Amino acid sequence: MEHILFLTGHLARPSLERVLAQIALAPFTWEARDLGLQVAGLMTADMVRRRVPLPIAGIDRIVVPGRCRGDMDALSQHFGVPVQRGPEELKDLPLFFNRVAHPIALDEFEVAIFAEIVDAPRVGVADILARAASLRADGADVIDLGCLPETRFGHLAESIQALKAEGFRVSVDSVDADELLRGGRAGADYLLSLNLDTLWVADEVASVPVLIPRTPADEASLHEAIERMQRQGREFLADPILEPIPFGFATSIVRYHRLRERFPEAPIMMGVGNLTELTEADTSGINALLFGICAELDVAAVLTTQVSNHARRAVKEADWARRIMHAARRHQTLPKGMSDALMTVHAKRPFLDTPEEIEATAAQVRDPNFRVQVSARGLHVYNRDGLRTGQGAFELWPRLGLEDDAAHAFYMGVELAHAEIAHKLGKRYVQDQPLDWGCAVEHAPEDASAWCAPGTTLATRRKTTEAPMNPQTATEGSEPSSDRSHGDCKK
């Protein structure tokens, strides 16, 4: 059986040992070693190299805190066994080992994303190209040029040709048959949308038509259009039209199901904008549900938009949703435990430590540095002078004694505000780290081999009462220094 050495600090070691002891049927034996740090989050690769003596007989693998900075490959070569970062929270170790044992990749998907530029006739070619590049970066496969009623689109052909020259696949979305014809002749890959009355356009161009019924309830006209395309051996997409709540949403889902039953192999498109744009709710959850339906119905493509401010991440959410739901369907497992990208507001396990555990840790602290943690009971701030517990920043502020230390007061104000938001929403809070908003917020790439320079909360010299990392996390990495905050990482 594999024997794993877990490296930690003085304050986190008891919690680490409790968590490891509680992993049921662990396929490994283990030992925890205190590297002589009070806070495990201050560990670096260089410190590990210096403080773990060679040889390490009987050790098959070394696991370091998740935010330990430095080159793990170099450490592996030095010790002659694999060295890897664990999870960012030591209480996630059971999930960490389960995921390692049963990894599910999210690099595959089947649903194509059509991302619509809804006001294309009013946007210049250069701006269309810029928007298209942004949409493609978020996951779009096809750029849809949305035409507007009674609005001339004089640069339609030029826009299509410019997009094609940049390697984009392009669709044209219009209710005007002549506009669709112009788009097809200019080289559009898809035309949205043709019904029985405008199906003649498909005979004039090579573009793939997206077929719709004459009216949403007229399923027979859509079925007839599909059968005509099938007889001609033509490629197509069929869209029964998803209607908004409460104007037929449930009925339209039934139409999609009936279409799949009647045409088991027909490629289906679903336009999700009527839900994401017209429902004032977080779009990450709406996209998760709709792409779950798409996975079950084997939908080939989705048309989405990013018009409303609350839907401004719709394409990125769609990209994550299609990957997660594809993996769930392929592996016949619930869409859980694969990614937190769509959990933008709440966390599955927000409060890792109980008030009693935090109290036990606080009792060990002998220095003036503040630590901030969050439990289901509220915010906890402690140092050698004691533990303070409250519901928010304003309640705790008078008890910190920072009236004459403006820089540190600013830092603690920011941290307590983050902690208060996390407590109220049920999000995970880690001191000196930004809150995780899933795919709703852009994340700068993080280089785990880098050292951490002063962050935005306190870029000046830290006072002796400055707060180090959360002592329970065993995650963050930087050489200990009273002169540095923990923030942006640089080489």
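The shown structure was predicted, so the numbers you read here are calculated from the model rather than taken from an experiment. Just so it is clear, the values below take in all heavy atoms, side chains as well, and ignore hydrogens, waters and symmetry mates.
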Under 3.5 Å, which donor-acceptor pairs link side chains of residues 111-139 to any protein atom two or more places apart or in another chain?
unit_1	atom_1	unit_2	atom_2	d
D119	OD1	R131	NH1	2.8

Contacts table for residues 161-171: side-chain donor-acceptor under 3.5 angstrom, sequence neighbours left out:
unit_1	atom_1	unit_2	atom_2	d
K164	NZ	D189	OD1	2.9
K164	NZ	D189	OD2	2.9
R169	NH1	Y190	OH	3.3
S171	OG	D144	OD1	2.5

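The side-chain heavy atoms of F153 and R182, taken from C-beta on, include a pair separated by under 4.5 Å. Side chains of M325 and F291 form a contact here, defined as non-hydrogen atoms less than 4.5 Å apart. Side-chain atoms of M47 and L7, non-hydrogen and from C-beta on, never get closer than 4.5 Å to each other. Within the 4.5 Å cutoff, the side chain of L352 has no heavy atoms near those of the E357 side chain. For the pair L402 and M412, the minimum side-chain heavy-atom distance is below 4.5 Å. In this structure, the side chains of V210 and L191 stay at 4.5 Å or more apart for every pair of heavy atoms. Looking at T389 and P355, their side chains never come closer than 4.5 Å, going by heavy atoms from C-beta outward. Within the 4.5 Å cutoff, the side chain of V63 has no heavy atoms near those of the L5 side chain.
In this structure, R322 forms a cation-pi arrangement with F109, its terminal cationic atom sitting closer than 6.0 Å to the ring centre and no more than 45° off the ring axis.
Interatomic distance, E296 CD to R260 CZ, rounded to the nearest 0.5 Å: 12.5 Å. The line from CG of L342 to CZ of R313 is 13.5 Å long, rounded to the nearest 0.5 Å. S15 contributes atom OG, which lies 11.0 Å from atom CD of E89 (distance to the nearest 0.5 angstrom). In this structure, C439 SG and M343 CE are separated by 12.0 Å, a value rounded to the nearest 0.5 Å. Here the CG-CG distance, from L290 to L242, works out to 6.0 Å after rounding to the nearest 0.5 Å. Once rounded to the nearest 0.5 Å, the distance linking CG of L237 with CG of L192 reads 8.0 Å.
Proximity of a side-chain donor or acceptor of S76 to a complementary backbone N or O of V83 within less than 3.5 Å is detected. Between the side chain of E110 and the main chain of D298, no donor-acceptor pair closer than 3.5 Å is present. Put simply, the side chain of H423 never gets that close to the backbone of L379: no donor and acceptor are under 3.5 Å apart. Under a 3.5 Å cut-off, the side chain of Q84 and the backbone N or O of I62 do not form any donor-acceptor pair. With hydrogens and angles disregarded, no donor-acceptor distance shorter than 3.5 Å links the side chain of H331 to the backbone of H326. Within the 3.5 Å criterion, the main-chain N or O of N369 finds a donor-acceptor partner in the side chain of D367. R399 contributes no side-chain N or O that, together with a main-chain N or O of L396, makes up a donor-acceptor pair within less than 3.5 Å. Side-chain atoms of E420 come within 3.5 Å of backbone atoms of A393 as a donor-acceptor pair (strictly under, hydrogens ignored). Judged by distance alone, with hydrogens and angles left aside, the side-chain atoms of R312 form no donor-acceptor pair with the main-chain N or O of Q306 at under 3.5 Å. A donor-acceptor pair under 3.5 Å links the side-chain atoms of T151 to the main chain of P149, judged by distance alone.
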Quiz item: Taking it one step at a time, do W320 and N287 satisfy side-chain contact (heavy atoms from CB on, under 4.5 Å)?
Solution: CA-CA 9 Å; W320 277 106; N287 273 314; over 6 Å; no

Quiz item: Between V48 and L75, is a side-chain contact (heavy atoms from CB on, under 4.5 Å) present by the stated rule, with each step listed?
Solution: CA-CA 8 Å; V48 173; L75 280 183; 4.1 Å; yes

Self-check item: K316 vs E442, salt bridge (charged side-chain N to carboxylate O under 4.0 Å, His left out): CA-CA, chis, key distance, verdict
Solution: CA-CA 10 Å; K316 181 168 286 189; E442 295 291 340; 3.0 Å; yes

Quiz prompt | Verdict with supporting geometry, K427 and F351, side-chain contact (heavy atoms from CB on, under 4.5 Å) | solution = CA-CA 8 Å; K427 297 184 72 65; F351 310 125; over 6 Å; no

Quiz item: Stepwise, does the salt bridge (charged side-chain N to carboxylate O under 4.0 Å, His left out) test hold for D46 with R50?
Solution: CA-CA 6 Å; D46 288 342; R50 292 195 306 266; 5.1 Å; no

Practice problem: Show your working on side-chain contact (heavy atoms from CB on, under 4.5 Å) between D282 and I286 and close with a plain yes or no. | Solution: CA-CA 7 Å; D282 290 330; I286 296 174; over 6 Å; no

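Here the shortest heavy-atom pairing between P94 and I23 reads CG-CG1, 3.9 Å. Heavy atoms only, all atoms of each residue included: I324 and M338 are closest at O-SD, 3.8 Å. Closest approach of P240 and M269 over heavy atoms only: CD-O, 4.1 Å. Residue G273 comes nearest to T305 through the heavy atom pair CA-OG1, 4.2 Å, listed as atom of the first residue, atom of the second, then distance. Considering every non-hydrogen atom in both L156 and G183, the closest pair reads CD2-N, 3.9 Å. Considering all non-hydrogen atoms of both residues, P244 and N274 come closest at CB-O, 3.4 Å.
Between H408 and Y411, the two ring planes are parallel [angle under 30°; tilted spans 30° to 60°]. Using a 30° and 60° split on the angle between ring planes, F6 and F97 fall in the perpendicular class, above 60°.
For Y382 and H380, the ring centers are positioned 6.0 Å apart or more.
Other residues, nucleotides and ligands contribute only 12 or fewer heavy atoms inside 6.0 Å of the CD atom of E280. The 12-atom threshold is exceeded at CZ of R349, counting heavy atoms of other residues, nucleotides or ligands nearer than 6.0 Å. Crowding of H257 atom NE2: a count of heavy atoms from other residues, nucleotides or ligands under 6.0 Å not exceeding 12.
Using modelled atom types, one finds no donor on one side chain facing an acceptor on the other under 3.5 Å when comparing Q431 with R371. Side chain to side chain, Y256 and D239 meet the donor-acceptor criterion of an N or O pair below 3.5 Å. Residues E179 and S174 have side chains that bring a donor and an acceptor to within less than 3.5 angstrom of each other. Y429 and D436 share no donor-acceptor pair across their side chains, judged by distance under 3.5 Å alone. For the residue pair T283 / E317, a side-chain donor-acceptor distance below 3.5 Å is found, with atom types taken as modelled.
D353 has no carboxylate O lying under 4.0 Å from a charged side-chain N of R377, or vice versa, which leaves the two without a salt bridge.
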